[in-house]
Number of protein chains: 2
Amino acid sequence: MGVLERKEREKLEIRNQILEAATELFLKEGFDKTSMRGIAEKIEYSAATIYLHFKDKNEIFKAIHDKGFEIFFGKLSESQKIENPYMRLRRMGDLYLEFAFEHREFYDLMFVMRAPVEARNADGNIDWICGMQSFKLLQATIIECMEKGYMRKMDLDVATVTISSLMHGMASFYIRERLVMYDQNVLPYLFKDAMDNIMYVFKESPMTSAFAENQN
Amino acid sequence: MGVLERKEREKLEIRNQILEAATELFLKEGFDKTSMRGIAEKIEYSAATIYLHFKDKNEIFKAIHDKGFEIFFGKLSESQKIENPYMRLRRMGDLYLEFAFEHREFYDLMFVMRAPVEARNADGNIDWICGMQSFKLLQATIIECMEKGYMRKMDLDVATVTISSLMHGMASFYIRERLVMYDQNVLPYLFKDAMDNIMYVFKESPMTSAFAENQN
DNA sequence: AAAATTACTAAACAGTGTTCATAAAAACGA
DNA sequence: TCGTTTTTATGAACACTGTTTAGTAATTTT
C-alpha cells in the first residue's frame, strides 16, 4: 500500500516548496516584506494552504533559521583542516565574519530576530541542536587550545562566551548599522585587529607560551 | 503677540504627550504592539493627529531612542567619580550591562532595532549625536588609560570596537535569547568574567604594567 | 460678522497574519 | 462503477496594521 507513502512524499514536497519560496523572498525582501500571501502566490497555492504545513509564519522562519545554521556550520568547518588549534580558532573568527557579511539576512535571522525564538517558545521544546553543533565546535577548539598549551587554562564557559560575544557584537553592530561613525570599508580591518586582540588574552604569558615558540 | 508662542507651546505639549504615551506602551508591550491607534487613544486624539507631529512611526521611535541614549549616558557617567581610568573603564562595563538588563526594551531600540535607523536614513542626516556622547566618553577613558600607562598603547579605534563589541555581543545575546544553553542566573557572572578577561588584553605585560603596581 | 487660516478627524486604502465554513478532490468499501 | 468517507484546498472574513485624504470644526484675523 504505497498510497500513504506517496501522500507523505507530496506533503514534504509542498513543505519544501513553501520553504524554498519563503527563503527566496526572505533573502530578497527581508522578513517583514515576506508575506504569507506572497509565498502562496509563488507556489501557486492559496495562503490558507500554508497553514496545513506550518503552524504560523514564525514556524516557517524557524525552519529557514535551522537551514541557515547548517550553512553556518559548513562554513565554520572549513577551519577544521588546520592542524594548529590556535590558528584554527583564529580562522573560525574570520569565517564567522565572512558568513555574517555574505549572508546578512541569514545571520540576522539566526542571531538577532525574534521570530525563530518565538517559534521555539510556542512549541515549548528547546531544540537548539542546530546552533549547538557550531557552539560545540567552538568549545572543542577552545578545549584543544588549552590542552595543548596554546592557551592559558581558564573556565571554558567564560572563554566561549567572551569569544562568541565579541564576534556577535561586531557582526550585529555592522548588520544593524550601529557603526556608522566608521568608514564601512575599514571596518573589516578593525574587526580583524579586534580578533587578534582578543586572541592575545587567551595566550599564556607571551614569552613562555607554546604559541610564542610556534611563532619562530 | 503671544498667540504664536502659545500655539508653539501647545504643539510641543501634544508632541510630548505622544512621546510619553508611546514610551509607556513601548516599555509595556514592545514595538510591534505599540500602534498609532493605541497611542492616539491614550492621548485622546485621533490617529491622524499624530501625523501632524511626526512623519511616521519610525520618527516617534527615533525620538524615544534618543531619550534612551540620554538615560544611557547618565548611567555611564556614574563611573566618572572613579579616579583611576582603568578601574573607571571596568566600571563602565558593569554599568553598560546594568543598563541593558534594567532597560531591555530601550537597549533593544537603541542598539538592535531597525526603526530608529530607518528614521535617520529617511531624513538623510546622520544625527548620531545621542550615541556619540557615550561613544566619546568611552574613547576618552581608553585614551586616558593609555596615556597614564594603565593600558598598552594601541590603535584607539581597535580598542574601542573591541570593547564595545564585546559588551554589545553579551547584551544583545542575552536580550534576544541566544544564550539559552546557559543557566540565566549565572550569565551575569560569566559576563563579568568575560569583561575581566578582555581588560587583561589591554594591560601591558602583567609584571611591568602600571596596573600591576597599582594592585599592591 | 465674514473670511481665512489652522486644527482635527472619520473614513478609506492597501496591506498584514490567521481562521473557518465550504467546496473540490482523492481514497475507500461494496 | 457508484456512493460514502476522508483528505486537501480555498474564498471570504476577521481583526488588525501604518498611512493618506477629503472634509469638518474650531480658532484667529481681517
Side-chain angles (χ1 to χ4, degrees), chain A residues 1-19 21-22 25-26 29-64 109 113-119 121-123, chain B residues 1-19 21-22 25-26 29-64 109 113-119 121-123:
Chain A
M1 172 143 332
V3 64
L4 273 172
E5 290 150 29
R6 197 207 61 208
K7 284 213 171 186
E8 195 138 331
R9 242 188 8 251
E10 283 172 353
K11 220 173 160 71
L12 228 138
E13 167 64 23
I14 294 180
R15 199 192 130 94
N16 285 335
Q17 274 184 259
I18 293 169
L19 285 178
L25 286 172
F26 169 65
E29 313 272 11
F31 178 82
D32 283 330
K33 285 183 180 166
T34 300
S35 69
M36 300 303 264
R37 285 172 181 82
I39 299 168
E41 198 176 353
K42 232 178 160 51
I43 61 172
E44 292 174 292
Y45 277 94
S46 82
T49 301
I50 300 177
Y51 289 87
L52 301 174
H53 299 85
F54 293 92
K55 205 186 120 282
D56 53 24
K57 193 183 175 184
N58 285 341
E59 205 169 86
I60 297 177
F61 280 86
K62 173 65 167 63
I64 297 176
L109 181 64
M113 288 189 193
R114 292 230 141 97
V117 177
E118 271 159 24
N121 286 345
D123 285 27
Chain B
M1 176 156 308
V3 63
L4 274 172
E5 292 150 27
R6 196 208 60 204
K7 284 213 172 186
E8 195 137 331
R9 240 185 13 248
E10 283 174 353
K11 221 172 159 69
L12 229 137
E13 167 65 24
I14 293 181
R15 200 192 130 93
N16 286 335
Q17 274 184 260
I18 293 170
L19 284 178
L25 286 172
F26 169 64
E29 312 270 12
F31 178 82
D32 283 330
K33 285 183 181 169
T34 301
S35 70
M36 301 303 262
R37 286 173 181 82
I39 298 167
E41 198 177 354
K42 232 178 160 50
I43 60 171
E44 292 174 293
Y45 277 93
S46 82
T49 300
I50 300 177
Y51 288 88
L52 301 173
H53 299 86
F54 293 92
K55 204 185 121 283
D56 54 22
K57 193 184 175 185
N58 285 340
E59 205 169 86
I60 297 177
F61 280 87
K62 173 65 167 66
I64 298 175
L109 181 65
M113 288 189 193
R114 293 228 141 99
V117 176
E118 272 160 22
N121 287 346
D123 285 26

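Below, chain A is the first sequence line, B the second, and so on; all start at residue 1. Note that this is a predicted model, so its numbers are computed, not measured.
Here C:dC8 presents its C1' atom at 19 Å from CZ of B:R15, a figure rounded to the nearest Å. B:M36 places its CE atom 15 Å from the C1' atom of C:dT9, with the value rounded to the nearest Å. The distance between atom CG of A:D32 and atom P of D:dT19, rounded to the nearest whole Å, is 13 Å. The interatomic distance linking B:K57 (NZ) with D:dT17 (C1') rounds to 8 Å, in whole Å. Atom OH in A:Y51 sits about 13 Å away from atom C1' in C:dC20, given to the nearest Å. Between B:Q17 atom CD and C:dC8 atom P the separation is 11 Å, expressed in whole Å. The distance between atom CG of B:N58 and atom C1' of D:dT17, rounded to the nearest whole Å, is 14 Å.
Residue A:T49 is classed as a base contact, given a heavy-atom separation below 4.0 Å to a base.
When A:T49, A:L19, A:L25 are each tested for a side chain to side chain contact (heavy atoms under 4.5 Å, CB included) with A:I39, only one passes: A:L25.
Applying the side-chain hydrogen bond (donor to acceptor under 3.5 Å, both in side chains) test to residues at least two apart or on different chains, the pairs with a partner in residues 35-45 of chain A are A:E24-A:K42.
Note on A:S46: every side-chain N or O is 4.0 Å or more away from OP1 and OP2 of D:dA9. When the side-chain nitrogen and oxygen atoms of B:Y45 are compared with OP1 and OP2 of C:dC8, one or more of them lie within a distance under 4.0 Å.
Taking only side-chain atoms of B:R37, from C-beta outward, the nucleotide of D:dT17, C:dT18, C:dT9 with the closest atom is D:dT17. Nearest nucleotide to the side chain of A:A48, out of C:dA10, C:dT18, D:dT10: D:dT10.
Using a distance-only test at 3.5 Å, with no hydrogens or angles considered, a donor-acceptor pair links the side chain of A:K57 to the main chain of A:T34.
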